[in-house]
Engineer: 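Right, I'll just put the structure down here and ask away after.
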Amino acid sequence: MIIERAPLNRRTLLGAALAVAALPRAAASQEGEAPVSHESTNMKIRMIFNGRIMTATLYDNPSARDFFSMLPLDLKIEDYAHNEKIAYLPRKLTEKGSGPFANEQPYDLCYFTSWGNLAMFYADYRHPGLIRLGRFDEGEQDLHIRGEFPLRIERT
């Protein structure tokens, strides 16, 4: 059996080149942008509620830097979904540079893009639409205290 091949022309080569160039972008758009850095920084914060103090270290990503630039903040912390506390920010954070992450753990500090709130997890979680901002260093057990309280967030 003899297989005949069509001659290659400029239109065929150009089409193939465009298809190959579009593949990585299409794959990236299905998975979200590349994961952001979860490296610790010198951006340290203190959260005070109900006479208790928690500290956290923020990661090196655009959303965490945007959050840090807003401090100090006076908010309200409240229970949500039996595994987290939330606090609504006065404005949405940048989502630039956000991307998927794995290894979710209790005591992550995250930003929920849909509602524009901080999510402070004290139990297992898994949810799309989160940007991890950092991790609690100290006092994180206070997240287990049930109730709604005034919350002060400031730089340390």
Side-chain angles (χ1 to χ4, degrees), residues 17-156:
L18 288 173
V20 168
L23 282 175
R25 286 185 184 91
S29 68
Q30 290 173 2
E31 297 175 4
E33 295 181 29
V36 295
S37 171
H38 291 138
E39 296 294 319
S40 293
T41 65
N42 60 354
M43 293 186 295
K44 307 270 187 185
I45 63 170
R46 177 180 18 252
M47 297 179 156
I48 305 160
F49 78 94
N50 195 31
R52 299 174 184 273
I53 298 174
M54 301 179 298
T55 61
T57 301
L58 301 181
Y59 292 143
D60 186 19
N61 65 56
S63 299
R65 287 190 295 274
D66 190 20
F67 171 59
F68 195 70
S69 75
M70 296 171 72
L71 302 179
L73 288 171
D74 289 303
L75 308 170
K76 179 176 70 172
I77 191 170
E78 57 190 282
D79 300 313
Y80 187 80
H82 303 291
N83 69 337
E84 68 182 289
K85 289 224 181 270
I86 62 171
Y88 289 93
L89 296 171
R91 68 166 172 80
K92 289 199 169 210
L93 298 178
T94 182
E95 295 176 30
K96 181 181 179 184
S98 66
F101 64 90
N103 72 336
E104 296 93 338
Q105 298 175 27
Y107 310 118
D108 282 340
L109 173 62
C110 297
Y111 172 67
F112 185 51
T113 59
S114 297
W115 294 353
N117 66 280
L118 293 178
M120 297 159 268
F121 292 97
Y122 57 84
D124 291 336
Y125 73 97
R126 187 172 198 93
H127 195 285
L130 291 171
I131 298 172
R132 189 159 35 198
L133 300 176
R135 198 103 180 107
F136 284 95
D137 301 320
E138 197 174 319
E140 63 275 3
Q141 291 298 319
D142 294 336
L143 290 172
H144 294 268
I145 298 170
R146 305 293 294 165
E148 191 174 291
F149 306 97
L151 170 68
R152 171 81 175 176
I153 306 174
E154 55 194 25
R155 298 175 183 198
T156 62

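Side chains included, hydrogens not; waters and symmetry mates left out as well; all remaining heavy atoms used.
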Engineer: Do other residues, nucleotides or ligands put more than 12 heavy atoms under 6.0 Å from the CD atom of Gln105?
Structural biologist: yes
Engineer: State, to 0.1 Å, how close Leu73 and Pro90 come at their nearest heavy-atom pair, and which atoms those are.
Structural biologist: CD2-CG, 3.8 Å
Engineer: For residues 111-128, which residue pairs pass the salt bridge (charged side-chain N to carboxylate O under 4.0 Å, His left out) check, not counting sequence neighbours?
Structural biologist: Glu104-Arg126
Engineer: Answer yes or no: is there a donor N or O on one side and an acceptor on the other, between the side chain of Asp60 and the main chain of Thr41, under 3.5 Å?
Structural biologist: no
Engineer: Okay, side chain of Glu140, backbone of Glu138: is any donor-acceptor separation there less than 3.5 Å?
Structural biologist: yes
Engineer: At what distance, to the nearest 0.5 angstrom, does CG of Asp74 lie from CG of Leu151?
Structural biologist: 8.0 Å
Engineer: Measure the CD1-CG distance between Ile153 and Leu109 for me, rounded to the nearest 0.5 Å.
Structural biologist: 7.5 Å
Engineer: CD1 of Ile53 to CG of Asn50: how many Å apart, nearest 0.5 Å?
Structural biologist: 12.0 Å
Engineer: Using modelled atom types only, decide if a donor and an acceptor are shared between the side chain of Lys92 and the backbone of Thr113 within a distance under 3.5 Å.
Structural biologist: yes
Engineer: Would you say the side chain of Phe149 lies within less than 4.5 Å of the side chain of Arg52, judging by non-hydrogen atoms?
Structural biologist: no
Engineer: Indicate the ring-plane relationship of Phe112 and Trp115, choosing parallel, tilted or perpendicular according to the 30° and 60° boundaries.
Structural biologist: perpendicular
Engineer: Using modelled atom types only, decide if a donor and an acceptor are shared between the side chain of Arg65 and the backbone of Leu58 within a distance under 3.5 Å.
Structural biologist: no
Engineer: May I ask you to decide if Ala87's main-chain N or O and Asn117's side chain share a donor-acceptor pair within less than 3.5 Å?
Structural biologist: no
Engineer: Could you go step by step and tell me if Phe101 and Leu130 meet the side chain to side chain contact (heavy atoms under 4.5 Å, CB included) rule?
Structural biologist: CA-CA 9 Å; Phe101 64 90; Leu130 291 171; 4.2 Å; yes
Engineer: For Lys85 and Tyr122: C-alpha separation, side-chain torsions, deciding distance, then whether side chain to side chain contact (heavy atoms under 4.5 Å, CB included) applies.
Structural biologist: CA-CA 8 Å; Lys85 289 224 181 270; Tyr122 57 84; 4.3 Å; yes
Engineer: Can you tell me how far CZ of Phe121 sits from CG of Asp108, rounded to the nearest 0.5 angstrom?
Structural biologist: 8.0 Å
Engineer: Flag the pair Arg152 / Pro72 as yes when at least one side-chain heavy-atom distance between them is below 4.5 Å, and no otherwise.
Structural biologist: yes
Engineer: Nearest 0.5 Å, what's the CE-CG distance between Met120 and Asp142?
Structural biologist: 12.0 Å
Engineer: What's the verdict on side chain to side chain contact (heavy atoms under 4.5 Å, CB included) for Ile48 and Glu154, showing C-alpha distance, side-chain angles and the deciding distance?
Structural biologist: CA-CA 9 Å; Ile48 305 160; Glu154 55 194 25; 3.8 Å; yes
Engineer: I need the minimum non-hydrogen distance between Tyr59 and Ala64, along with the two atoms involved.
Structural biologist: O-CB, 3.2 Å
Engineer: Between Ala123 and Pro106, what is the shortest heavy-atom contact and its length?
Structural biologist: C-CG, 3.7 Å
Engineer: To the closest 0.5 Å, what do you measure between CD (Glu84) and CD1 (Ile77)?
Structural biologist: 10.5 Å
Engineer: Within 45° of the axis and under 6.0 Å from the centre of the six-membered ring of Phe68, does NZ or CZ of Arg155 qualify?
Structural biologist: yes
Engineer: Any side-chain to backbone donor/acceptor pair from Asn61 onto Ser63? Under 3.5 Å, distance only.
Structural biologist: yes
Engineer: Would Phe67 and Ile45 count as a side chain to side chain contact (heavy atoms under 4.5 Å, CB included) here? Give the steps.
Structural biologist: CA-CA 10 Å; Phe67 171 59; Ile45 63 170; 3.9 Å; yes
Engineer: Can you name the side chain to side chain contact (heavy atoms under 4.5 Å, CB included) partners of Lys44, sequence neighbours left out?
Structural biologist: Thr57, Asp137, Thr156
Engineer: Hey, do the aromatic rings of Tyr107 and Phe136 have their centres closer than 6.0 Å?
Structural biologist: no
Engineer: If you count every heavy atom of other residues, nucleotides or ligands that lies below 6.0 Å from His144 atom NE2, does the total exceed 12?
Structural biologist: yes
